[in-house]
There are 2 protein chains.
Amino acid sequence: MSRKPTLSDSVEEICRALGLRVTGPRRVIMQILAEATDHPDTVELHRRVTQIDPSVALATVYRTVKLLEDKKIIERHTFGDGRARYESADHAHHDHLIDVETGDIIEFHSDEIERLQEEIARKHGYKIVSHKLEIFVAPLDKQAKSTSRKARKTS
Amino acid sequence: MSRKPTLSDSVEEICRALGLRVTGPRRVIMQILAEATDHPDTVELHRRVTQIDPSVALATVYRTVKLLEDKKIIERHTFGDGRARYESADHAHHDHLIDVETGDIIEFHSDEIERLQEEIARKHGYKIVSHKLEIFVAPLDKQAKSTSRKARKTS
DNA sequence: CACGGGATGCAACCATTTTGCAATTGCGAC
DNA sequence: GTCGCAATTGCAAAATGGTTGCATCCCGTG
């Protein structure tokens with residue numbers, strides 16, 4: 001249990017692995033991040049955190065997410081608007097479809113696209129460090145999207 | 001010459017097509033954008049513009065790029081950092097490799113990836129409005145990247 | 001259970017972008 | 001050509017999203 005912690009580990013384990021102290025704010029922030037199934041921005045995270053502990057400052061949320069992002073515990077996205085949005089990095093890697101009409105975000109993964117990316121990078125003499133694929137979409141027709149309301153994951 | 005203007009058209013044609021007045025600042029800003037081969041941010045654009053006409057305000061550059069972006073004359077990118085960067089939209093569509101060590105940006109295009117994206121969107125009941133694929137890369141080895149110094153385009 | 005450095009809250013600050021407003025100017029009508 | 005007026009601009013102030021200095025607090029080791 002000592003290699004590369006994720007949000008599904010306990011706060012104690014994560015902090016020990018990263019050489020950080022276990023504090024009240026960190027407990028709450030990591031718990032919120034661990035149980036989030038969406039892609040909240042920092043202000044939304046702070047809103048959720050203060051429902052559990054109203055004394056936690058927004059600055060602490062900013063400091064904590066940056067820390068967790070640097071340590072690859074969470075991933076940062078921006079999705080067009082200015083704000084940074086976060087999700088746990090322990091889910092398998094995936095990209096995003098963003099419904100431009102509703103803001104809904106659908107996760108997907110394509111091994112084939114990933115393979116083509118590797119190929120392109122290699123052809124240019126590079127190796128991939130990370131990548132970001134966001135597809136902004138609109139419903140094909142008004143009925144088609146009614147089947148699900150929440151983010152899903154597909155292959 | 002009356003359908004969908006691009007930066008390679010004259011400023012007069014672009015403005016006429018968009019119902020805008022031809023002004024000094026717009027002449028200079030569009031000229032700079034048309035001849036740019038890189039992806040300048042707004043402050044850099046303003047720096048280039050003021051070398052030709054020092055009286056143009058930064059706010060005007062912001063207003064003009066937003067206008068051109070809304071009209072799909074230019075494209076906006078963000079590439080990780082906070083700033084918006086722009087490039088002419090009349091180049092054929094392409095995505096970007098970003099060298100994380102040097103900041104170099106290499107343009108590429110893959111019909112196959114585009115096709116797979118369409119397929120994924122359709123499978124979820126959506127059509128693609130736009131998309132953004134950025135691959136952050138590092139040199140495979142220290143020699144391999146020495147063959148070119150400037151952005152290129154490939155298939 | 002005392003101590004020291006890491007962590008926090010707060011407010012001030014920073015970078016980027018937007019906006020209110022008064023002054024200027026392009027351009028169609030005469 | 002020039003008049004009139006709305007579009008455009010410059011400027012400064014403000015909004016937005018995020019960072020930071022600092023005094024205080026408190027985790028965890030001894």
Side-chain angles (χ1 to χ4, degrees), chain A residues 10-33 39-47 49-50 52-71 73-86, chain B residues 10-33 39-71 73-86:
Chain A
S10 74
V11 176
E12 282 75 8
E13 282 170 326
I14 298 172
C15 287
R16 184 152 15 89
L18 303 184
L20 301 174
R21 289 187 181 170
V22 178
T23 66
R26 285 186 182 150
R27 276 184 201 286
V28 181
I29 294 167
M30 291 187 198
Q31 175 200 331
I32 298 287
L33 282 168
H39 303 74
D41 63 34
T42 316
V43 170
E44 170 62 18
L45 277 176
H46 181 241
R47 202 187 58 74
V49 166
T50 51
I52 295 176
D53 179 352
S55 71
V56 177
L58 179 57
T60 301
V61 179
Y62 273 109
R63 280 190 274 239
T64 305
V65 292
K66 172 170 296 185
L67 224 144
L68 295 176
E69 187 202 344
D70 289 346
K71 303 294 189 177
I73 309 290
I74 59 178
E75 276 178 22
R76 182 166 62 98
H77 301 284
T78 45
F79 299 147
D81 48 21
R83 290 158 300 168
R85 304 160 79 87
Y86 295 93
Chain B
S10 73
V11 176
E12 283 75 9
E13 283 171 328
I14 298 171
C15 287
R16 184 150 18 90
L18 303 184
L20 300 173
R21 289 185 183 174
V22 177
T23 67
R26 285 185 182 151
R27 276 183 202 285
V28 181
I29 294 168
M30 291 187 198
Q31 176 199 330
I32 297 288
L33 282 168
H39 304 73
D41 63 33
T42 317
V43 171
E44 169 63 16
L45 277 176
H46 181 240
R47 201 187 58 72
R48 296 181 195 178
V49 165
T50 51
Q51 286 181 340
I52 295 176
D53 179 352
S55 71
V56 177
L58 179 57
T60 301
V61 178
Y62 274 107
R63 280 190 274 238
T64 304
V65 293
K66 172 169 295 183
L67 224 146
L68 295 176
E69 187 202 343
D70 288 346
K71 303 295 189 172
I73 309 289
I74 59 177
E75 277 178 20
R76 183 165 63 97
H77 302 285
T78 45
F79 300 146
D81 47 22
R83 290 159 299 169
R85 304 161 78 88
Y86 295 92

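These values consider heavy atoms only, across backbone and side chains, with no hydrogens, waters or symmetry-generated copies.
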Side-chain donor/acceptor of Arg76(B) to backbone N/O of Ala84(B), under 3.5 Å: no
Check nucleotides 27-29 of chain C for protein N or O atoms closer than 3.5 Å to its own N or O atoms and list the pairs.
unit_1	atom_1	unit_2	atom_2	d
dC27(C)	OP1	Val22(B)	N	2.9

Ionic contact status for Arg47(A) with Glu44(A), cut-off 4.0 Å: yes
Nucleic acid contacts of residues 25-33 of chain B, taken as heavy-atom distances under 4.0 Å to DNA chain D: Pro25(B), Arg26(B)
Residues from residues 53-69 of chain A lying under 4.0 Å of DNA chain C - heavy atoms: Ser55(A), Val56(A), Ala57(A), Ala59(A), Thr60(A), Arg63(A)
Heavy-atom closest pair, residues His77(A) and His39(A): CD2-CD2, 4.3 Å
Taking every non-hydrogen atom, the tightest pair across Val65(B) and Ile74(B): O-CD1, 3.6 Å
Nearest heavy-atom neighbours spanning Leu45(A) and Pro40(A): CD2-CG, 3.8 Å
Below 4.0 Å: OP1/OP2 of dT17(C) and any side-chain N or O of Thr42(B): yes
Straight-line distance of Phe79(A) CZ to Asp41(A) CG, nearest 0.5 Å: 11.5 Å
Sole residue of Leu68(B), Val28(B), Ile73(B) in side chain to side chain contact (heavy atoms under 4.5 Å, CB included) with Leu33(B): Leu68(B)
Atom of Leu58(A), atom of His46(A) and distance for their closest heavy-atom approach: N-NE2, 3.3 Å
Rounded distance [0.5 Å steps], CD in Gln31(A) versus CD1 in Ile52(A): 4.5 Å
side-chain contact (heavy atoms from CB on, under 4.5 Å) partners for Lys66(A), two or more places apart: Asp70(A)
Secondary-structure stems, DNA chain D, at least 3 Watson-Crick or G-U base pairs under 3.5 Å: C:1-30 with D:1-30
Gap between atom CD of Gln51(B) and atom CD1 of Ile32(B) - 0.5 Å precision: 7.5 Å
Distance (rounded to the nearest 0.5 Å) between Leu20(A) CG and Arg26(A) CZ: 4.5 Å
Derivation of the salt bridge (charged side-chain N to carboxylate O under 4.0 Å, His left out) call for Glu12(B) and Arg27(B): CA-CA 9 Å; Glu12(B) 283 75 9; Arg27(B) 276 183 202 285; 2.7 Å; yes
Atom pair OG1 (Thr23(A)) and CD1 (Ile29(A)), whose distance is rounded to the nearest 0.5 Å: 7.5 Å
Chain B contact limits on DNA chain D, taken 5' to 3' with a cut-off of 4.0 angstrom to heavy atoms: dA6(D) to dC11(D)
